[in-house]
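Worth saying up front: this structure is predicted, and the values here are computed from it rather than measured. Order of appearance sets the numbers: ligands from 1, and atoms from 1 within every ligand.
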Amino acid sequence: MKIGIDQISFYTSQYFLDLRTLAEARGVDPDKYVIGIGQSKMGIPPPDEDVVTLAASAAFRLEEQGALEGVETLLFATESGIDQSKSAGMFVHGLLGLPERCRVVELKQACYSATVALRMAMGLVAMKPKSKVLVIASDVARYELGSPGESTQGCGAVAFTISADPHLLAIDPEAGFYANDVMDFWRPNYCSEAQVDGKYSTLVYIKALKASWAQYAEESGRSLEDFARFCYHIPFTRMAAKAHQKLAHGISNEDLEKVIGESLLYSREAGNCYTASLYVGLCSLLDNANEDLIGKRIGLYGYGSGCVGEFFSGVVQSGYRNALFTEAHQKLLVDRVELTFQQYEDIYNYGIPTDGGKYIFPQYRTGPFRFSGMESHKRLYETV
Ligand code: HMG
């Protein structure tokens with residue numbers, strides 16, 4: 001029985017900061033960000049957008065199509081949790097009006113948790129092939145103003161369903177995975193910005209990739225030539241390029257562009273979406289591949305700091321193009337509003353009130369849902 005990704009939907013905020021604007025304000029050569037880091041824009045969530053509204057907006061498209069019928073479990077992957085007890089998935093369950101007969105839980109291991117959610121979902125579907133699992137990965141990447149990480153911020157969510165006989169990607173059983181207790185990137189509960197040992201994090205990312213790939217290759221007997229394309233966790237697009245160069249020593253720039261270029265297009269515009277980033281890459285690839293990918297094998301590498309890496313793969317299914325939201329994804333990115341540097345800093349500094357009072361947040365552009373305010377320490381959401 002084939003099990004894998006049936007449909008996939010991506011959403012990011014309606015606002016962005018151009019990295020050339022950031023470079024000018026920080027006195028940095030723009031080429032460092034655009035070429036050296038490989039990013040053009042970063043998605044910035046306004047005060048009334050958070051991981052819940054980003055997630056619900058991504059999943060809403062699936063719901064509109066009836067793709068959530070049969071969903072018995074919602075796995076919510078994030079490292080931008082909004083509550084120590086209640087899963088962000090519960091708010092999404094409410095906003096989407098999912099059935100009461102539903103398991104809901106939040107998973108955390110930096111950017112890796114959406115990948116373990118995918119694996120857990122496959123196990124649930126294997127036990128009950130008529131059921132589906134909704135996986136949502138949603139995050140806001142936030143570093144200190146003026147820090148080296150600032151240009152690698154971003155935000156976004158991806159919602160995908162795991163089912164038997166999937167429309168998009170049948171996931172192979174083989175996987176290589178690697179865990180190591182390191183401090184390359186972390187966020188203590190009392191911090192709203194990530195702490196990061198930037199250069200070290202890039203080395204650990206590669207170390208985990210090499211170990212995961214070696215194990216995967218041994219288990220599956222496959223080599224790099226067995227893959228038509230590769231999707232990487234994308235903290236910034238140059239990282240994915242460097243990662244692939246480490247696996248495929250001496251690869252030409254032309255071949256590198258061919259095997260990963262299409263997967264990087266959305267991330268270059270949205271920035272790091274942490275847990276969602278690998279799957280933003282997959283959306284970008286499936287939506288933008290010039291070549292017909294039917295029957296082709298895709299290699300995927302999920303990485304979460306701290307750290308866990310996993311290399312796995314899947315085969316693109318016939319008719320996959322009919323199951324994509326390509327137009328909606330492209331329109332979303334084109335229609336976004338550009339922020340001035342001052343607007344970016346104002347939004348960055350807009351803190352959520354913590355005194356238990358009643359607050360209604362100013363209305364910005366969002367998707368179908370907004371985080372409208374706070375009352376008695378409860379987050380208020382509404383349909384727009
Ligand atoms: P930095 O140290 O300021 O940058 O920040 P740099 O000096 O290393 O420059 C970056 C690149 O730009 C270099 O290229 C420069 O040569 C080049 P490289 O040598 O690496 O090939 N450059 C230029 N290119 C063209 N024209 C110019 C120019 N100037 C310089 N004028 C750093 C870089 C990644 C450290 C920083 O952005 C950072 O700390 N980012 C956050 C951490 C991160 O994203 N780590 C990635 C791996 S860990 C991961 O992926 C997990 C994560 O997603 C979190 C999670 O799991 O939850 C982050």
Side-chain angles (χ1 to χ4, degrees), residues 19-20 22-24 26-40 42-43 51 77-81 106-117 137-158 177-188 191-210 212 231-246 253 256 264 267-268 270-281 300-311:
L19 285 188
R20 291 178 185 279
L22 179 68
E24 195 188 329
R26 298 288 179 230
V28 169
D29 180 348
D31 283 352
K32 172 171 175 182
Y33 295 159
V34 178
I35 299 167
I37 297 282
Q39 291 299 123
S40 304
M42 53 194 198
V51 284
T78 189
E79 57 175 298
S80 318
E106 185 170 307
L107 300 166
K108 177 176 69 186
Q109 181 13 67
C111 301
Y112 169 69
S113 57
T115 295
V116 81
S138 182
D139 267 307
V140 175
R142 198 176 143 93
Y143 297 90
E144 273 174 38
L145 292 177
S147 70
E150 186 181 25
S151 59
T152 64
Q153 296 178 120
C155 70
V158 169
F177 37 93
Y178 166 92
N180 193 5
D181 177 9
V182 292
M183 294 299 280
D184 60 330
F185 168 106
W186 64 103
R187 184 167 68 83
C191 291
S192 58
E193 290 86 33
Q195 308 293 306
V196 61
D197 189 342
K199 294 268 193 267
Y200 177 54
S201 74
T202 63
L203 300 177
V204 184
Y205 175 115
I206 299 288
K207 189 174 177 196
L209 168 65
K210 285 182 173 168
S212 305
C231 294
Y232 286 88
H233 166 57
I234 312 169
F236 49 93
T237 68
R238 271 292 291 156
M239 184 74 235
K242 281 186 174 188
H244 194 67
Q245 282 165 328
K246 290 285 175 199
N253 285 341
L256 182 66
L264 306 180
S267 292
R268 204 186 300 280
N272 195 351
C273 304
Y274 288 161
T275 48
S277 289
L278 167 62
Y279 302 93
V280 174
L300 298 109
Y301 174 62
Y303 175 76
S305 284
C307 76
V308 181
E310 179 157 349
F311 192 98

Any donor-acceptor N/O pair, [X] side chain to [Y] backbone, under 3.5 Å:
{"X": "Asp29", "Y": "Asp31", "value": "yes"}
{"X": "Thr78", "Y": "Ser138", "value": "yes"}
{"X": "Arg187", "Y": "Cys191", "value": "yes"}
{"X": "Asn272", "Y": "Gly154", "value": "no"}
{"X": "Gln39", "Y": "Thr152", "value": "no"}

Using protein heavy atoms only, decide if any is under 4.0 Å from [atom].
{"atom": "atom 15 (C) of ligand 1", "value": "no"}
{"atom": "atom 49 (C) of ligand 1", "value": "yes"}
{"atom": "atom 54 (C) of ligand 1", "value": "yes"}

Distance from [atom] to nearest protein heavy atom, with residue and atom:
{"atom": "atom 31 (N) of ligand 1", "answer": "Asp29 OD2, 2.9 Å"}
{"atom": "atom 33 (C) of ligand 1", "answer": "Ile37 CD1, 4.0 Å"}
{"atom": "atom 57 (O) of ligand 1", "answer": "Glu79 OE2, 2.4 Å"}
{"atom": "atom 51 (C) of ligand 1", "answer": "Ser305 OG, 3.2 Å"}
{"atom": "atom 45 (N) of ligand 1", "answer": "Ser201 OG, 2.8 Å"}
{"atom": "atom 38 (C) of ligand 1", "answer": "Gly149 CA, 3.8 Å"}
{"atom": "atom 58 (C) of ligand 1", "answer": "Tyr143 OH, 3.5 Å"}

Which of the numbered atoms in ligand 1 are below 4.0 angstrom from a heavy atom of [X]?
{"X": "Gly36", "value": "11 (C), 12 (O), 17 (C), 24 (N)"}
{"X": "Gly304", "value": "56 (O)"}
{"X": "Pro235", "value": "44 (O), 46 (C), 50 (O), 53 (O)"}

Heavy-atom distance to [atom]: which of [options] wins?
{"atom": "atom 36 (C) of ligand 1", "options": "Cys111, Gly38, Pro148, Gly198", "value": "Pro148"}
{"atom": "atom 41 (C) of ligand 1", "options": "Thr152, Ile35, Asp139, Ile234", "value": "Thr152"}
{"atom": "atom 21 (O) of ligand 1", "options": "Arg187, Lys242, His233", "value": "Lys242"}
{"atom": "atom 8 (O) of ligand 1", "options": "Arg238, Lys32, Lys199", "value": "Lys199"}

Just to be sure I read this right, does ligand 1 sit under 4.0 Å from the backbone of [X], its side chain, both, or neither, counting only heavy atoms?
{"X": "Asp31", "result": "both"}
{"X": "Phe236", "result": "side chain"}
{"X": "Asn272", "result": "side chain"}

Below 6.0 angstrom between ring centroids: does that apply to Tyr274 and Phe185?
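Yes.
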How about Tyr301 and His233: are their ring centroids closer than 6.0 Å?
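Ring-ring flag for Tyr301/His233: false, centres at least 6.0 Å apart.
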Checking side-chain polar atoms at under 3.5 Å, does Tyr303 have a donor or acceptor matched by the opposite partner on Thr115?
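No, Thr115 and Tyr303 have no side-chain donor paired with an acceptor closer than 3.5 Å.
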contact_flag Tyr112 ligand 1 heavy-atom lt 4.0 Å:
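It does not, in that no heavy atom of Tyr112 comes within the 4.0 Å cut-off of ligand 1.
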Mark yes when over 12 heavy atoms from residues, nucleotides or ligands other than Phe177 sit less than 6.0 Å from its CZ; otherwise mark no.
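Count not over threshold, so no.
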Presence of salt bridge, Glu79 and Lys108, under 4.0 angstrom
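So Lys108 does not pair with Glu79 through a salt bridge.
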Stepwise, does the side chain to side chain contact (heavy atoms under 4.5 Å, CB included) test hold for Asp184 with Val196?
CA-CA 6 Å; Asp184 60 330; Val196 61; over 6 Å; no
